[in-house]
Structures are given as structure tokens and as C-alpha cells.
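To start, the structure itself, in C-alpha cells.
The figures here come from the full heavy-atom set of this structure, side chains too, leaving out hydrogens, waters and symmetry mates. The structure displayed is predicted, hence computed values, not measured ones.
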Amino acid sequence: MNHHELRKKFIEFYKKQGHQEIGQAALVPQQDASVLFTTAGMHPLIPFLMGDTHPDGSRLVNIQRCLRTGDIEEVGDATHNTFFEMLGHWSLGDYFKHEAIDWSYKFVTEELGIPKEKLAVTVFAGDKLRGVGLDEEAKQRWQSLGMERIDELVEDNWWGPVHSSGPCGPTTEIFVWSAEAEIPPNSLPGNDERWVEIWNNVFMEFNKTEDGQFEPLDQKNIDTGVGLERVLMTVNNYDSVYQTDVLAPIVAAISTDQLAHADRDVRILADHIRAAFFMIADGVLPSNKDRGYVLRRLIRRAVQAARKLDFTDWPLLTEAILGVYGPYYPQLLEQEIEAEILAEQQKFTKQLTKAVNFIEKAVQANQVVNDESAANLAFLAYQSHALPLELGYEILTEAGLVLGRKSFEQALDQKIKAHQEVSRAGSEKKFGGHGLILDTGELKASDETELKKVLRLHTATHILQASLRAVLGDQITQKGSDINADRLRFDFNYPDKLTAEQKAEVEAWANKLIEQGLPMNCVELSLVEAKKTGALHFFDHKYPDKVKVHYLGDSISDAPSKEFCGGPHVSNTNEIGKLKIIKEQSAGAGIRRIKAIVED
Ligand code: SER
């Protein structure tokens, strides 16, 4: 069965049961800014599940594009995708468990033709937490249909809410046996991973309140979600979703190898680039924040996979994606999506080159003598240049410097743990236990998203200092700096309150520099040489014999900003966004304090 047939069959089947077909929502939720992406077909329907009247009636059906990144580490296996399409149907206070179960059984066995012997189902086992018992009604209905394999589970058979509160309820799921082997007598979805879940009927009859209570909803709803890729996989007896006709052409564009569909990197590249296409089509662009950051991560993971595969034919990949999805999603054809992806790829490649140079320099300086020092170096490259750890490992392995993966990984684990402990110890003092992944004293970040923000603010701080000197005079020096994910804080010597014009001038000067898209470079020099460059530093500070100088632009001699600084920074000013001064105040006699933010 191909995807065209499946789409049609599903919609037609539920139309026959009185459902009205409704359109799709975008991947970026339009009415709900609190969630990054549309993760299920029910998401745009929440108000109607809660009781609002839907203009198309109480029985609805559609196919909804979805994005889930919670399982991103699992992408590469046979069944997990970030982007996928969900076949869905809903009852808004109309039919309930009996009809939903009967129709799903009929569709799976008759329309999809999957024999009953290859099916198992699960029902909610009940739990005290929610005050809801075993779903006898669903169980009995399945029994009346002759279903023999019925498992009773708790967490896997409860769905929602999407937010901390909202509609939710027990579920019954349908699984298909995916292996060639005979099904063992006691095999059930809860104890045997060879069962693949294809169908989720949610009995949305509760509202979880903000204080954690589960109260019955006024109307009992059905929310059914069916993974298009998984159905195609099971119905065609494929080993993975990458053999289905929505993904196989994409896989074929990546590699002509017969077994490419089983290769983890091919799968990651196919999955992530497909997701990136849909995200960009729905208005997301790579950035360091929220949706843009998720997109950036997906593209960068895809680029890494492409690098491993020596894959370069991006136009062919584009053609494959548009070939499959163009007829259903014309918006994909209307935009220059490939160009956006390639621009991000170039940015990433530049950053990688820097990181690789950093590793190579250390290798040339004979700093890597064993797996422990190799792991240290990989970790340092990750911290200061955002080099993915896996890539650090690869580069060091290619250079013949890693003796054993295991000892390397052990050393790396220790390094990460030690770092977390140092961060934690530091942060406990400052924030009473809030975990940090970066804490240099000046810069603080507790997760990857914050880290990106902090890097932008850090480079912006250097630019701010250069701007203040340009506008107010060269006598300006730094008296203090503190950066977290929300803002930068910069203290400097100046006797008077800044006028509105001065502030505007400083901002304008800074943003002009940022817009030039200058690279942030770093050299390590002897203290004497470093001072000769004219880089800003504290006169009363005791520096080590060797110091790092960070400077903007290609040449240190005429750099608009150069400072003694250990980093880390963004690699190019165009990652910063726009600098905005939000506060200017006194911070003691003759000292002014500026708080500023960066905006996308
Ligand atoms: N909301 C359920 C799911 O996402 C069914 O649509 O699985």
C-alpha cells in the first residue's frame, strides 16, 4: 500500500462514519505560543475538546503534520521520526469508546488487511495517582471483537495534557507484530519490543487542573492518532519507516546503496532534512532561540551525518522531498528552502573548521598523549567551539590518537561529571542549587539554549565596550561584567548619566558593527606580545604568561574590538542579533552600569 492510498482510505473510511474532513494547522501553533510545535492532531483542537463548538461539527477527520523532538536521540532506529504525519479522527462529545474501538479494528483488519493474529492491544491499567481504575469497558469491547492479546499498562496508556493542564485521558493502543519470527505465546507490547504501535485511541474524558486534579470533562471526546509512516511500514512488512514510499525516495537521494535504509546516518539525514523543510515552510528560520534553535540543531545534526556519509548532492535531496510532498504541501514548492539550509550549513562548517583547527593545534603541540588527554581536548572543543563530542572523537580517532573508544568515553564521562560538579558547586553558592553547564564567573548558562544566548551576549559585551569607547572616549575601561541568558551587565568608568542621545549613539555604533558579520577570532600569545597588540585588558590584573586575545574581523592590527579574554564567543557577529540597552544607572561613584539584551 502506498501513502496516496493510505491517505485516501483513512479519510474516506471516517467520512463514511459521518466525519467531516478539516484542514491542517501549521507546525508553528498559531493560537498557542506556549508550545513550540504542533505535536499531535489534537493540539489545534484543544478548545473544542474543552467544549467550544466546532464549525464543522462533532465528528472530524484529517491528516496533520507534526513535529516531536523529545525522541530525537532515538531517530536512527526503525520507527522514530522528528517530523511525521498523523492520521486523526475526533469525536467532540459525540461517539465514545465502543465506536472508536470497533472502527479502528475494522480499519486495521479490513482496510489495511492486517490479520487479527498479528495484532495486540493495550488498555489503561488504572492508577491511584489519577484516581482512575482499569478500563474495563475498553477491555471488554476488545474481547468482544475476539482480540486475545490485551496488555494492561499505566503510563503508556494515558495521554496528555499537552500543557501542565488541559484535556487528557486513558488510551487504548493497537500494535502490529513486526518481526518475522513466530509470536511467542506470552508476548505482549509491554514485554516485547517487536510490537510496533500504530494506533492510539485516546478517551479524552478528563481535564487535568493546574493543581494536579483530574476532573471529568463535561463532554467525552475521542482523539485518535495514527502514524502514517508506521502504518505504511507494518502494512508492507518493511523493517523500518525508511523503506516506505514517503521516505524511500529521500533515502535513495542520499545513497544508492541497497542497504542505505538501514544506515543510521542516512536515516538521521533523511529525517532531519525532511523536518527542516517543513519547519522552514511554516516560517521557522535557524536562530539561537526556541523554534529557530531546534531547527538549527536538526540541520547541524543532518550536516554532521552528511559529512560522515560524504554526501553533497543537496539539490537531489531537495528534489526527492518535493517529489514526495509537493503534491500535498504546495507551500514547500513556493520557497527557497534549500538555500536556507545551505546557508546554515555554511555557518556550521565555518564553526567546525575553527574547532578542528583548535584540535589540530593542540595535537601538533603534543598535548594529546593518552585517551584521557584526548577526551579532555574533545571536551574543551565542545565547550569553547560547540564542537559535537562525537565529532571530536572522530577527528582524534582519524589522527590515530584515540587508543580505545571505551577508555576515551570513560575519561569523557568523568570530565563531564567533574565539570558538572564544579558548575553545581559554583551555582549552589550563587543560585541555591540551580544546575549550570557554564560558569566562568562572568558567564552563566544552565542548558544548551541558555549557552547559545550567553555566547551572543558575551560577544555583544565586547562590542558594547568598543562602542562606549568610540562614543564616550578611550578613557572608558571595564569595571565589571556579568552575563546570564537574559541580559548582559557591564560596568565602566564615566562620571555622568548617559543622555538619551549618547545611548542611542552607542547602540547604533554597536549594531552597525554587528551587522557587518565579522568573525570573532582568537589567538593565544605570550603576555608581552598580547599587550603589544593593544588589546584591552585590566592593568591591575595578574595574567598568566600566555593569554588569549579575542578580536573581531580578519586582522588583529585594525580590529574594531580586541580584548584579553578566554571566551567562549559566537563565531560571527551575525549570530548576535540586535543589541538593545534596557537600563543605564549608577553603580557607585564614577561608575555607570548598562544592562542590555540581544534580540533576534
Ligand atoms: N493525541 C494522541 C497522540 O498524539 C492521539 O492523537 O498520540
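- For the ring-ring contact (aromatic ring centres under 6.0 Å, His included) condition, the pairs that include at least one residue of residues 129-158, sequence neighbours left out, are Phe124-Trp158, Trp158-Phe206, Trp158-Phe214.
- Looking at residues two or more places apart in sequence or on another chain, you find a ring-ring contact (aromatic ring centres under 6.0 Å, His included) between Phe203 and Phe96.
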Show me the donor-acceptor pairs within less than 3.5 Å that the side chains of residues 181-191 make with the rest of the protein, sequence neighbours left out.
unit_1	atom_1	unit_2	atom_2	d
Ser187	OG	Asp192	OD2	2.8
Ser187	OG	Trp195	NE1	2.8
Asn191	OD1	Leu188	N	2.8
Asn191	ND2	Asn186	O	3.1

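- For His89, the side-chain hydrogen bond (donor to acceptor under 3.5 Å, both in side chains) partners two or more places apart in sequence, or in a different chain, are Tyr14, Tyr95, Thr224.
- Considering only residues two or more places apart in sequence or on other chains, Glu409 meets the salt bridge (Lys or Arg N to Asp or Glu O under 4.0 Å) condition with Arg405.
- Scanning for side-chain hydrogen bond (donor to acceptor under 3.5 Å, both in side chains) contacts around Asn370 gives Ser373, with sequence neighbours left out.
- Applying the salt bridge (Lys or Arg N to Asp or Glu O under 4.0 Å) rule to Lys220 yields the partners Glu205; only residues at least two apart in sequence or on another chain are considered.
- The side chain to side chain contact (heavy atoms under 4.5 Å, CB included) search around Lys308 returns Asp265, Glu390, Glu394, not counting sequence neighbours.
- Applying the ring-ring contact (aromatic ring centres under 6.0 Å, His included) criterion to Tyr105, with sequence neighbours excluded, gives no partner residue.
- Qualifying side-chain hydrogen bond (donor to acceptor under 3.5 Å, both in side chains) partners for Lys139, counting only residues two or more places apart in sequence or in other chains: Glu152.
- A donor-acceptor contact shorter than 3.5 Å links the side chain of Gln64 to the backbone of Ala25.
- For Thr82, the side-chain hydrogen bond (donor to acceptor under 3.5 Å, both in side chains) criterion is met by Asp271, not counting sequence neighbours.
- For residues 219-277, the set of pairs meeting the ring-ring contact (aromatic ring centres under 6.0 Å, His included) definition, not counting sequence neighbours, is empty.
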